[in-house]
K.L.:
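My questions will all concern the structure given below.
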Amino acid sequence: MTNRRYHHGDLPAALLARAEQTLRERGAGALSLRELARDIGVSPAAPSRHFKAKQELLDALARTGFERLAEAIADSQEGAGESFPERLDAAARAYVGFAVDNAALLDLMFSVKHSPEASEALGATAHRWSERLLELISYGQRRGEVRDGPLERVALPLFAGLHGYAGLSVSGMLPPEVAEHGLDDVIASLLRGCEPD
């Protein structure tokens with residue numbers, strides 16, 4: 001379906017928006033700068049002014065995704081309460097919500113990030129969301145609500161649990177009776193794992 005409403009506005013943003021729609025509908029393999037140009041009604045050469053190759057487009061898509069994920073986690077902390085359990089609950093729901101709503105994008109984000117062709121800018125942006133969770137763990141440690149230890153070691157089971165649950169949710173592998181309270185159970189388990197010794 002061709003969208004001919006693009007009129008010399010923000011071409012990179014228009015390309016990224018269309019690329020994300022294509023990613024969601026048909027997967028990363030269907031992304032083509034030429035087809036994106038056709039879809040938004042610009043010349044086939046127009047995208048090359050902003051993205052020299054498909055890898056640059058994938059980098060930009062992944063960067064945008066990591067920025068939105070970090071923002072979702074940060075936004076979740078507003079009004080979340082003061083205790084670590086309340087703040088973790090909000091952050092976990094934000095992460096899983098983003099993952100479920102943006103499954104194809106999340107998959108692209110984590111795969112492109114590890115590509116040898118990935119840009120330095122992508123590497124820096126990719127760490128912002130996890131830094132938010134590390135800050136949350138540090139906050140819990142300062143309050144005495146999270147066990148002592150290096151942040152990365154305390155965080156690993158938490159990250160793995162959330163990412164694993166999100167993957168199961170997206171894949172449709174959770175039976176309805178598990179899905180209804182599954183995230184509550186995962187968060188409760190993560191909180192037990194974070195408790196001081």
K.L.:
With side chains defined as the heavy atoms from C-beta onward, is the minimum distance between E78 and D75 less than 4.5 Å?
P.N.:
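They are in contact (side-chain heavy atoms under 4.5 Å apart), so the answer is yes.
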K.L.:
Output the distance between atom CG (L174) and atom CD (E180), rounded to the nearest 0.5 Å.
P.N.:
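Between L174 CG and E180 CD, I get 12.5 Å after rounding to 0.5 Å.
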K.L.:
What pair of heavy atoms forms the shortest contact from A72 to A94, and how long is it?
P.N.:
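For A72 and A94, the tightest heavy-atom pair comes out as O-CB, 3.6 Å.
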K.L.:
Could you verify whether a donor N or O on one side chain and an acceptor N or O on the other, from Q21 and R18, lie under 3.5 Å apart?
P.N.:
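Looking only at side-chain atoms, R18 and Q21 do form a donor-acceptor pair, the distance falling under 3.5 Å.
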K.L.:
Please tell me if the side chains of F98 and R68 come closer than 4.5 Å, counting only heavy atoms from C-beta onward.
P.N.:
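Answer yes - side chains close enough.
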K.L.:
Can you check side-chain contact (heavy atoms from CB on, under 4.5 Å) on L136 and Q77, steps first, answer last?
P.N.:
CA-CA 9 Å; L136 178 57; Q77 299 302 289; 3.8 Å; yes
K.L.:
Between Y165 (side chain) and V96 (backbone), is there a donor-acceptor pair under 3.5 Å?
P.N.:
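No, the answer is negative, given that no donor and acceptor are paired below the 3.5 Å cut-off.
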K.L.:
Where the side chain of Q141 meets the backbone of G149, is there a donor-acceptor pair that is under 3.5 Å apart?
P.N.:
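Yes, because the side chain of Q141 sits within donor-acceptor range (under 3.5 Å) of the backbone of G149.
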K.L.:
Measure the spacing between CD of E82 and OH of Y139 and express it to the nearest 0.5 Å.
P.N.:
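These two atoms lie 4.5 Å from each other.
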K.L.:
Is it true that, when you exclude E120 itself, more than 12 heavy atoms of the residues, nucleotides or ligands shown sit nearer than 6.0 Å to its CD?
P.N.:
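12 or below, so no.
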K.L.:
Quick one: CG on D59 to CG on L122, what's the gap to the nearest 0.5 Å?
P.N.:
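With rounding to 0.5 Å, CG (D59) is 5.0 Å from CG (L122).
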K.L.:
Consider only side-chain N and O atoms of S138 and R142, and report whether a donor and an acceptor are under 3.5 Å apart.
P.N.:
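Side chains of S138 and R142: pair found under 3.5 Å.
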K.L.:
Look up atom CG in L69 and atom OG in S130, then write down how far apart they are to the nearest 0.5 Å.
P.N.:
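So the CG of L69 and the OG of S130 are separated by 9.0 Å.
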K.L.:
Is a salt bridge present between R93 and D184, judged by a nitrogen-to-oxygen distance below 4.0 Å?
P.N.:
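Looking at D184 together with R93, the answer is yes, because their closest N to O distance falls below 4.0 Å.
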K.L.:
Are side-chain heavy atoms of L11 and I40 found at a separation under 4.5 Å?
P.N.:
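L11 reaches I40 side chain to side chain.
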K.L.:
Answer yes or no on whether R143 is positioned over the face of F84, meaning its NZ or CZ is under 6.0 Å from the six-membered ring centre and within 45° of the axis.
P.N.:
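Not flagged: R143 not positioned over aromatic ring of F84.
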K.L.:
Assess the residue pair R24 and E20 against the criterion (salt bridge (Lys or Arg N to Asp or Glu O under 4.0 Å)); give the C-alpha distance rounded to whole Å, side-chain angles, the decisive distance to 0.1 Å, and a yes or no.
P.N.:
CA-CA 6 Å; R24 187 181 304 267; E20 188 171 343; 3.4 Å; yes
K.L.:
Kindly give the heavy-atom pair with the smallest separation between M109 and A62, and that separation in Å.
P.N.:
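Heavy atoms of M109 and A62 come nearest at CG-O, 3.8 Å.
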K.L.:
Restricting to non-hydrogen atoms, name the atom on L31 and the atom on L23 that form the minimum distance, rounded to 0.1 Å.
P.N.:
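Nearest heavy atoms, L31 then L23: CD2-N, 4.3 Å.
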K.L.:
If you compare all heavy atoms of L190 against all heavy atoms of G161, which two are closest, and at what distance to 0.1 Å?
P.N.:
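Residues L190 and G161, closest heavy atoms: CD2-CA, 4.3 Å.
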K.L.:
Should we count CZ of R34 as having more than 12 external heavy atoms under 6.0 Å?
P.N.:
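Counting other residues, nucleotides and ligands, CZ of R34 stays at 12 neighbours or fewer.
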K.L.:
Do S189 side-chain atoms and D185 backbone N/O form a donor-acceptor pair below 3.5 Å?
P.N.:
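No, the answer is negative, given that no donor and acceptor are paired below the 3.5 Å cut-off.
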K.L.:
Please name the residue in the list L58, L16, L36 that meets the side chain to side chain contact (heavy atoms under 4.5 Å, CB included) test with F51.
P.N.:
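Going through the options one by one, the only one that passes is L16.
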K.L.:
How close do A53 and L33 get, counting heavy atoms only, and between which atoms?
P.N.:
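Of all heavy-atom pairs spanning A53 and L33, the closest is C-CD1, 3.7 Å.
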K.L.:
What's the spacing between E86 CD and D89 CG if we round to 0.5 Å?
P.N.:
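Taking CD in E86 and CG in D89, the distance rounds to 8.5 Å.
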K.L.:
Taking side chain as C-beta onward, heavy atoms only, is L158 less than 4.5 Å from L88?
P.N.:
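Yes, their side chains come closer than 4.5 Å.
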K.L.:
Could you give the distance from CD (E135) to CZ (R132), rounded to the nearest 0.5 Å?
P.N.:
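Going from the CD atom of E135 to the CZ atom of R132 covers 6.5 Å.
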K.L.:
Is there a path of hydrophobic side-chain contacts, each under 4.5 Å between heavy atoms of I/L/V/M/F/W/Y residues, joining L191 to L156?
P.N.:
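No: no chain of side-chain contacts under 4.5 Å links L156 to L191.
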K.L.:
Apply the side chain to side chain contact (heavy atoms under 4.5 Å, CB included) test between F110 and each candidate in L108, D107, V112, L106; give the one that qualifies.
P.N.:
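With F110 as partner, side chain to side chain contact (heavy atoms under 4.5 Å, CB included) holds for just one option, L106.
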K.L.:
Where is the tightest heavy-atom contact between G81 and R87, given as atom of each residue plus distance?
P.N.:
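Reported closest heavy-atom pair: O-NE, 3.1 Å.
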